[in-house]
Amino acid sequence: MTARQKVLILGGTTEARRLAEALANAPEIDAVLSYAGRTENPLAVPVPWRVGGFGGVPGLIDYLRAENIDRVVDATHPFAAQMSSNAVAACAATGVPLVALERAPWRPEAGDRWIEVDTLEEAVVAVGEAPRRVFLGIGRLHLDAFVKKPQHHYLVRLVDAPRENLPLPNVTVVVARGPFDVDGDRALMIAHGSEMVVSKNAGGTAAVAKIIAARKIGLPVVMVRRPKIPPRQTVETVAAVLAWLADPRSHDVVSAGAERGV
Ligand code: 3Y8
Ligand code: NAP
């Protein structure tokens with residue numbers, strides 16, 4: 001009879017929600033899912049959830065100890081690099097085993113016209129100088145990067161309606177929460193005369209529609225590569241997380257990781 005395990009899921013993605021759904025009925029596990037509080041009404045999940053930052057690495061260490069967390073699953077988005085980095089540091093400091101649930105990046109396929117860049121600042125340059133109609137599928141948090149290119153018309157998709165005017169003079173806002181579908185994104189881009197798409201390489205299925213739609217229409221895509229994240233054990237499926245949670249040896253993954261010097 002193994003003791004009950006308390007599992008912290010760092011969430012905010014489709015995979016995190018699916019993991020929460022899988023753990024809701026797991027007999028030996030008490031899961032809690034954590035949101036940053038970026039959106040007004042995060043989707044409910046069938047396990048207890050919390051909203052808001054922890055207060056950096058020290059705050060996360062305090063939370064892990066105060067809540068007697070036995071395992072951490074980092075199921076955040078590949079661009080949530082600060083959260084993921086904090087999780088590596090806090091789990092190393094407390095000895096709490098950590099695994100990341102992360103989807104593979106998208107790779108260009110036949111017919112794709114990708115312009116790959118390392119940062120959003122490089123994406124702004126890649127859009128070019130001649131006025132264009134650009135679909136910005138990158139959310140709200142990094143729109144400011146495009147203020148220096150007011151000559152373009154931007155189609156911007158947000159999870160929540162903006163509370164104040166966006167900093168872009170020529171902008172059309174679409175309020176929608178994914179997952180998205182190819183026909184819907186294709187129709188959206190055609191309706192707005194989009195000539196280019198800007199996207200993060202999120203991977204997974206819920207945001208890929210705009211990439212496939214751009215391929216079908218023949219639009220170029222400025223694709224932002226993922227930020228670097230410190231090394232940690234990573235899996236790509238909910239099933240692999242369940243196997244990791246069930247494996248008593250993964251209790252010492254932190255020490256094993258330390259031995260390997262990762
Ligand atoms: C708050 C939780 C689920 C999770 C759904 C996934 C899929 C749909 C696609 C486009 C791209 C974008 C954005 C996107 C997608 C899923 C997933 C994903 C991209 C929610 C959610 C939270 C967030 C935060 C939000 C960011 C923004 C990014 C919009 C919930 C809906 C662009 C990323 O307005 C804001 O402040 C939005 C902020 C971080 C990126 C940015 O920089 O603006 N996600 N998105 C999480 C929290 O508080 O911890 O509200 O329910 C989750 C999802 N968004 O349950 O199925 O798994 O990736 N999210 C990107 O990929 O580029 C939209 O429009 O094509
Ligand atoms: P980030 O830049 O890596 O994190 C910034 C700070 O936000 C973190 O240091 C932490 O604050 C807090 N935070 C982030 N994720 C959190 C979580 N799940 N629970 C509690 N606090 C969290 O993160 P981000 O890119 O803004 O992403 C925020 C959330 O949106 C995450 O849940 C992520 O999974 C989700 N999301 C992001 C994207 C994206 O494109 N970035 C896409 C889809 C979903 P403290 O230091 O105070 O702990």
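Atoms within each ligand, like the ligands themselves, are counted from 1 in listed order.
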(message) With the threshold set at under 4.0 angstrom, would you say Gly52 reaches ligand 2 through any of its heavy atoms?
(response) yes

(message) Under 4.0 Å, heavy-atom basis, I'd like to know which part of Leu141 is in contact with ligand 2: side chain, backbone, both or neither.
(response) side chain

(request) Could you say whether the N/O atoms of Ala207 and ligand 1 ever approach to under 3.5 Å? (result) no

(message) Tell me whether Gly55 reaches ligand 2 (any heavy atom closer than 4.0 angstrom to a ligand atom).
(response) yes

(request) Would you mind telling me if ligand 2 is within reach of the side chain of Asn86, the backbone, both or neither, using heavy atoms under 4.0 Å? (result) side chain

(message) I want to confirm something. Looking only at heavy atoms, which of Ala80, Gly37, Pro78 is nearest to atom 27 (O) of ligand 2?
(response) Ala80

(message) Give me the nearest non-hydrogen protein atom to atom 48 (O) of ligand 2 as residue plus atom name, then the distance to 0.1 Å.
(response) Phe54 N, 2.7 Å

(request) Please determine if Arg215 forms a cation-pi arrangement with Trp114, meaning its NZ or CZ atom is less than 6.0 Å from the six-membered ring centre and no more than 45° off the ring axis. (result) no

(message) Is the contact between Met83 and ligand 2 made by the side chain, the backbone, both, or neither, using heavy atoms and a 4.0 Å cut-off?
(response) both

(request) Give a yes/no verdict on whether any heavy atom in Gly139 is under 4.0 Å from an atom of ligand 2. (result) no

(message) I need the single residue from Arg133, His153, Arg157 that forms a side-chain hydrogen bond (donor to acceptor under 3.5 Å, both in side chains) with Thr172. Which is it?
(response) His153

(message) Distance under 4.0 Å to a non-hydrogen atom of Gly11: what atoms of ligand 2 satisfy this?
(response) 18 (N), 31 (C), 32 (O), 33 (C), 34 (O)

(message) Measuring from atom 53 (C) of ligand 1, which candidate in Gly12, Gly11, Gly178, Ala209 has the nearest non-hydrogen atom?
(response) Gly12

(request) Just go through His77, Met83, Lys200, Arg157 and tell me whose heavy atom is the nearest to atom 61 (O) of ligand 1. (result) His77

(message) Students should be able to answer this: which protein heavy-atom is nearest to atom 29 (C) of ligand 2, and at what distance?
(response) Ala36 CB, 3.9 Å

(message) Checking Thr39 against Asp160: is there a side-chain donor and acceptor pair closer than 3.5 Å?
(response) no

(request) Look at Lys148 together with Glu121 and state whether they make a salt bridge at an N to O cut-off of under 4.0 Å. (result) no

(request) Name the closest protein heavy atom to atom 6 (C) of ligand 2, giving the residue it belongs to and the distance to 0.1 Å. (result) Arg38 NH2, 4.0 Å

(request) Quick one: look up the protein heavy atom nearest atom 18 (N) of ligand 2 and list residue, atom name and how far away it is. (result) Ser34 O, 3.0 Å

(request) Determine, considering heavy atoms only, which of Arg18, Arg17, Arg38 sits nearest to atom 24 (C) of ligand 1. (result) Arg38

